[in-house]
Novice: 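Please see the structure below; I have some questions.
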Amino acid sequence: MTITRPPVRTGEPSHAHTGIGSQNQLNPLFAREGESTDFPLDAIPPFESLPETAYQVVHDEAMLDGNSRLNLATFVGTWMDPFASRLYAESADKNMVDKDEYPQTAAIETRCWKMLARLWNAPDAENAIGTSTIGSSEACMLGGLTFKRRWQNARRAAGKPIDKPNLVLSSAVQVCWEKFCNYWDVEPRYVPISLEHKVLDGHDLEKYVDENTIGVVAIMGVTYTGMYEPVAEISKALDRIQEKTGLDVPIHVDGASGGMIAPFLQPDLAWDFRLPRVASISTSAHKYGLVYPGLGWVIWRTVDDLPKDLVFDVTYLGGHMPSFALNFSRPGAQVLLQYYLFLRLGWDGYYKVQKASQDVAVYLSGEIASMPAFDLWNDGTDIPVFAWQLTANYTDKWNLYHLSERLRLKGWLIPAYPMPDDLTDIVVQRIVVRNGLSRNLAESLILDIRDAVDYLDALQAPMPTEGLVSSFTH
């Protein structure tokens with residue numbers, strides 16, 4: 001008998017464990033007399049069930065997810081200590097935007113962004129302005145909106161048109177910036193990376209900047225490889241452009257990862273508010289800020305860098321509350337978790353955690369570089385992230401997609417994907433080292449990579465290439 005598997009349900013990833021039926025069954029061990037044991041997958045059940053029943057169904061479904069500790073594809077943190085988890089549970093009901101009801105959480109939010117303003121060398125932290133966000137994607141959107149509005153206001157004051165704003169970015173920019181340009185009608189001007197210029201470094205910047213440029217985005221930790229873009233060199237290039245044209249173009253630093261790495265591991269690197277052209281900086285607290293998902297931060301150099309007409313005064317929650325956000329109601333728990341970590345770790349603790357991750361990244365990159373099959377793209381000495389490609393002419397039997405699939409059999413999620421435009425013929429793999437990937441786990445990973453390469457090298461014929469999946473997790 002032939003069993004035909006139904007197509008994957010719309011909206012579900014191709015690798016989801018969907019089964020072949022339309023019901024979700026409760027294990028008889030947990031069933032009670034007179035209680036439903038089958039639940040429809042895509043409709044609200046007609047009757048209620050006991051909380052422990054619903055819990056067991058959801059718990060068993062979630063069990064099919066991967067092991068987060070072995071997920072080396074994502075930048076997002078997957079572990080916090082038990083005291084943080086307790087604090088999280090105690091504060092899960094707090095609405096960050098309702099500052100009248102939760103004034104202490106609001107005060108703690110302000111303390112956190114002022115701590116970050118000082119960490120990022122704002123000239124006067126008391127005159128800076130910042131806010132928490134739902135991840136750094138929202139933070140980037142707010143930074144981009146600020147650029148656009150400041151540009152529009154200046155153009156209107158000069159009697160000039162405002163219909164053709166553009167933003168200059170690397171072709172390796174994170175997808176949130178593509179979304180920003182799409183959603184807010186800004187022309188993206190991508191500076192292509194190349195083997196000679198692996199990141200946006202100021203080279204040929206004058207070809208992309210004009211009077212309609214609202215700003216330039218510099219990335220501290222390119223998602224594709226983990227490399228820093230040299231913000232100081234980009235700033236110098238813009239200084240030269242201003243000397244020739246009079247155009248004063250600001251920089252937003254997308255520090256999604258590097259914003260919480262560079263201050264501790266590369267404190268002498270000038271990338272932040274020490275550069276006068278840097279107007280705003282964003283980061284992901286749920287990446288190397290070490291908080292559970294989803295929290296981001298964005299800080300502006302001064303209050304004047306945030307146009308007042310972008311800030312709303314909200315009164316219907318019980319008091320006057322300024323709000324600058326794309327989201328309205330959002331959790332306050334992660335803000336408290338960030339404050340907890342600032343108190344718990346301090347500067348020295350953050351240094352130790354980030355240095356441990358970097359040490360593991362450098363160990364892994366060194367071991368992979370020693371294998372004849374691979375050439376490193378970078379070594380993990382910026383943020384603890386690195387990428388590698390297959391050595392030219394090494395083999396015609398397999399590629400990095402096959403290696404990624406082979407490692408998945410051992411539980412490791414290590415993505416393979418093509419580089420951005422102009423380098424799409426180069427496929428790389430990337431490892432993100434986060435807090436929780438110990439040296440012992442890293443040594444086990446190297447053994448598994450060597451075993452996988454030995455297996456693939458021993459093949460008598462090339463692996464099939466049909467159905468290979470490019471996986472890329474931000």
Side-chain angles (χ1 to χ4, degrees), residues 44 48 51 54-55 58 76-77 80-120 122 125-143 145-146 149 176 259-260 280-287 289-300 302-346:
I44 296 177
E48 61 183 309
Y55 166 82
V58 178
V76 176
M80 293 191 77
D81 67 44
F83 289 99
S85 297
R86 183 191 306 177
L87 184 62
Y88 198 3
E90 293 170 354
S91 55
D93 61 331
K94 294 182 185 293
N95 182 2
M96 189 64 251
V97 78
D98 195 349
K99 295 177 171 57
D100 188 65
E101 180 69 19
Y102 306 109
Q104 201 58 32
T105 300
I108 288 173
E109 179 193 30
T110 299
R111 292 178 203 170
C112 286
W113 67 249
K114 285 186 178 181
M115 290 177 178
L116 289 171
R118 290 184 169 88
L119 185 69
W120 295 337
E126 295 302 318
N127 191 43
I129 189 71
T131 185
S132 63
T133 60
I134 302 294
S136 65
S137 290
E138 183 188 8
C140 290
M141 298 280 180
L142 298 182
L145 280 173
T146 301
R149 185 59 56 87
C176 71
M260 294 303 293
S280 50
I281 302 173
S282 57
T283 196
S284 281
H286 59 230
K287 293 180 181 175
L290 308 180
V291 176
Y292 281 138
L295 178 67
W297 299 96
V298 57
I299 316 291
W300 289 269
T302 70
V303 173
D304 294 336
D305 288 304
L306 176 59
K308 292 180 174 59
D309 56 347
L310 285 176
V311 181
F312 287 80
D313 184 50
V314 179
T315 60
Y316 58 80
L317 288 177
H320 288 276
M321 291 167 285
S323 173
F324 180 38
L326 303 182
N327 295 283
F328 192 65
S329 296
R330 53 193 174 88
Q334 284 90 340
V335 171
L336 299 182
L337 292 179
Q338 183 74 90
Y339 189 54
Y340 163 79
L341 282 175
F342 285 163
L343 299 181
R344 163 77 174 81
L345 293 175

Novice: Using side-chain heavy atoms (C-beta onward) and a distance below 4.5 Å, is Pro331 in contact with Ile134?
Specialist: yes

Novice: To the nearest 0.5 angstrom, please state how far the OG atom of Ser132 sits from the CG atom of Leu116.
Specialist: 10.5 Å

Novice: Could you give the distance from CH2 (Trp120) to OG (Ser280), rounded to the nearest 0.5 Å?
Specialist: 10.0 Å

Novice: Looking only at heavy atoms, which two atoms of Leu341 and Met80 are closest? And how far apart?
Specialist: CD1-CE, 3.7 Å

Novice: Just one of Lys94, Lys114, Arg330 clears the salt bridge (charged side-chain N to carboxylate O under 4.0 Å, His left out) bar with Glu109, so which one?
Specialist: Arg330

Novice: Is it true that atom CZ of Arg344 has more than 12 heavy atoms of other residues, nucleotides or ligands lying nearer than 6.0 Å?
Specialist: no

Novice: Under the criterion side chain to side chain donor-acceptor pair (under 3.5 Å), I'd like the reasoning laid out for Tyr102 against Asp93: C-alpha separation, chi angles, the key distance, then a yes or no.
Specialist: CA-CA 10 Å; Tyr102 306 109; Asp93 61 331; 4.7 Å; no

Novice: If you take all heavy atoms of Val303 and Ala128, which pair is closest and at what distance?
Specialist: CG2-O, 3.8 Å

Novice: Find the distance between CG (Leu343) and CE (Met115) and round it off to the nearest 0.5 Å.
Specialist: 6.0 Å

Novice: Grab the two heavy atoms, one from Gln338 and one from Gly289, that are nearest each other, plus how far apart they are.
Specialist: NE2-O, 3.5 Å

Novice: Looking only at heavy atoms, which two atoms of Gln334 and Leu295 are closest? And how far apart?
Specialist: O-CD2, 3.3 Å

Novice: Please confirm whether the ring centroid of Tyr88 lies under 6.0 Å from the ring centroid of Tyr292.
Specialist: yes

Novice: A side-chain contact here means heavy atoms from C-beta on lying under 4.5 Å apart; do Val298 and Glu138 qualify?
Specialist: no

Novice: Mind checking the CD-CG spacing from Gln104 to Leu336? Nearest 0.5 Å is all I need.
Specialist: 9.5 Å

Novice: Is there a side-chain contact (heavy atoms from CB on, under 4.5 Å) between Trp297 and Val335? Walk through the geometry before answering.
Specialist: CA-CA 10 Å; Trp297 299 96; Val335 171; 4.2 Å; yes

Novice: Tell me the closest heavy-atom pair linking Leu142 and Trp300, and the distance in Å.
Specialist: O-CZ2, 4.0 Å

Novice: Is there a side-chain contact between Asp81 and Tyr340, using heavy atoms and a 4.5 Å cut-off?
Specialist: yes

Novice: To the nearest 0.5 Å, how far apart are CD1 in Ile299 and SG in Cys112?
Specialist: 9.5 Å

Novice: To the closest 0.5 Å, what do you measure between CG (Asn127) and CG (Asp304)?
Specialist: 6.5 Å

Novice: Of the non-hydrogen atoms in Asp305 and Thr146, which two are nearest, and what is the gap between them?
Specialist: O-CG2, 3.0 Å

